[in-house]
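To start, the structure under review is shown below, and the notes come after it.
First listed ligand is number 1; within each ligand, the first listed atom is number 1. Computed from a predicted model, the values in this text were never measured in an experiment.
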Amino acid sequence: MARTPVIAGNWKMNLDHLEAIQLVRQLVYHLVADVFDAAELVGVPPFTALRSLQSLIEGDRLRLALGAQTCSEHDAGAYTGEVSPVMLAALRVRYVICGHSERRTLFGETDEVVNRKVAAALRAGMTPILCVGESGEQRDAGVADAVVTRQVRAGLAGVAPEQVAQLVVAYEPIWAIGTGRTATPDDADAMCGVVRATVADVAGTDAADAVRVQYGGSVKPGNIRELMSRPHVDGALVGGASLDAEDFAVICRFSRR
Ligand code: PGA
C-alpha cells in the first residue's frame, strides 16, 4: 500500500509567534508546489504560535498542517496550565505529538498518561503522533525491540483498529535526539519495522499496512534521502533542523532530485 510520507518539524520551546510566522514564510518560499503533493508537511510550534500560524496558513492557503507538541488528557475543567485537545482542534490543529521522550523523561509522562493523551487527541478528531524509542543504555543492553514494542502496545491500548490505521508513530531513539548521532538507515528501518509488526499484532495487518511510521533523531538534509529510501520509514520527525527554513525545505524536498 502506498503511504503518503509525513514530515513534521517539532520546534520544541523555540520561536515566539512572530518568529514562527517568519519561519513559515521562509519555508514556503523555499518550497515548490509539487513538494506538497509528495508528502504531508506539518509544523509543530509552541502553543503560543498556533493561532497566528492558523491565520497565516488559512489566509494564504498554505498546504502546511499544524501540530501541537502535547495536549491535556482532559477535555475541560480545573487543570491549571493545561491545554485541551478540544481547544487545539478548534484552531484546526491536525496532529498532536503524544509521549515525546522529553515529555516522558522531563515531565514524568508514563505509558498510561501517553495512552490517555492518544485517546484524547483522537476524541477531538486529531491525529496523534505517538513517540516511542529506547535510551542508549537500553540499546546497549539489547532490549531496544522490547522497549519499543511495550511503548507501542501501551500507547495504542484500547484504540480501535480503524483509528490505529490513521495515526502516526514516530520511532525516535533517545540517544539520537539532538545529539547529531543518527540511527543508520538500516537500524531505523529495522526499528520502524518492529513498530509496524507490533501494530499488526494489536490492530491487524490492514492497520499495520496503513499506519505511518516516522523516524526521528538528528534528521538532517544530508541523511533524509537515505532514511526515506527504506521501506518501513514513512517520514521524519525533525527537531533542530526544522528551525532553519532552508534545511527544513531540503528535508521536505527529499523525494526530488
Ligand atoms: P532532533 O530532534 O532532530 O533535534 O534530534 C528530534 C525530536 O526530538 O523530535
Can you confirm whether Glu19 is buried at CD, in the sense that more than 12 heavy atoms of other residues, nucleotides or ligands lie under 6.0 Å from that atom?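 Atom CD in Glu19 is packed in, count exceeds 12.
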Residues Asp111 and Arg104 bridged, charged N to O under 4.0 Å: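 Looking at Arg104 together with Asp111, the answer is yes, because their closest N to O distance falls below 4.0 Å.
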Less than 4.0 angstrom from a charged side-chain N to a carboxylate O is my criterion; do Lys220 and Asp247 meet it?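 A salt bridge is absent here (no side-chain N lies under 4.0 Å from a carboxylate O).
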Check each of Gly239, Gly133, Gly178 against atom 5 (O) of ligand 1 and report the one with the nearest heavy atom.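 The option holding the nearest heavy atom is Gly178.
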Does ligand 1 have any atom sitting under 4.0 Å from a heavy atom of [X]?
X      : result
Gly217 : yes
Ala176 : yes
Ser218 : yes
Lys12  : yes

Give the residue and atom name of whichever protein heavy atom lies nearest to atom 9 (O) of ligand 1, and the separation in Å to one decimal.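 In this structure, atom 9 (O) of ligand 1 has Glu172 OE2, 2.7 Å as its nearest protein heavy atom.
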Under a 4.0 angstrom heavy-atom cut-off, which atoms of ligand 1 come close to Gly240?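 Near Gly240, meaning under 4.0 Å from one of its heavy atoms, ligand 1 has 1 (P), 3 (O), 4 (O).
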Provide the number and element of each atom of ligand 1 under 4.0 Å from a heavy atom of His100.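 Taking each heavy atom of His100 in turn, ligand 1 has 7 (C), 8 (O), 9 (O) under 4.0 Å.
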Measure from the side-chain N and O atoms of Arg253 to the backbone N and O of His30, and report whether any donor-acceptor pair falls under 3.5 Å.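 Checking the backbone N and O of His30 against the side chain of Arg253, a donor-acceptor pair under 3.5 Å is found.
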Gln214 side chain vs Ala236 backbone, donor-acceptor pair below 3.5 Å: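 The answer is yes, because a donor-acceptor pair under 3.5 Å joins these two groups.
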Closest contact, heavy atoms only, Tyr215 versus Ala188: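 The answer is CD1-CB, 3.7 Å.
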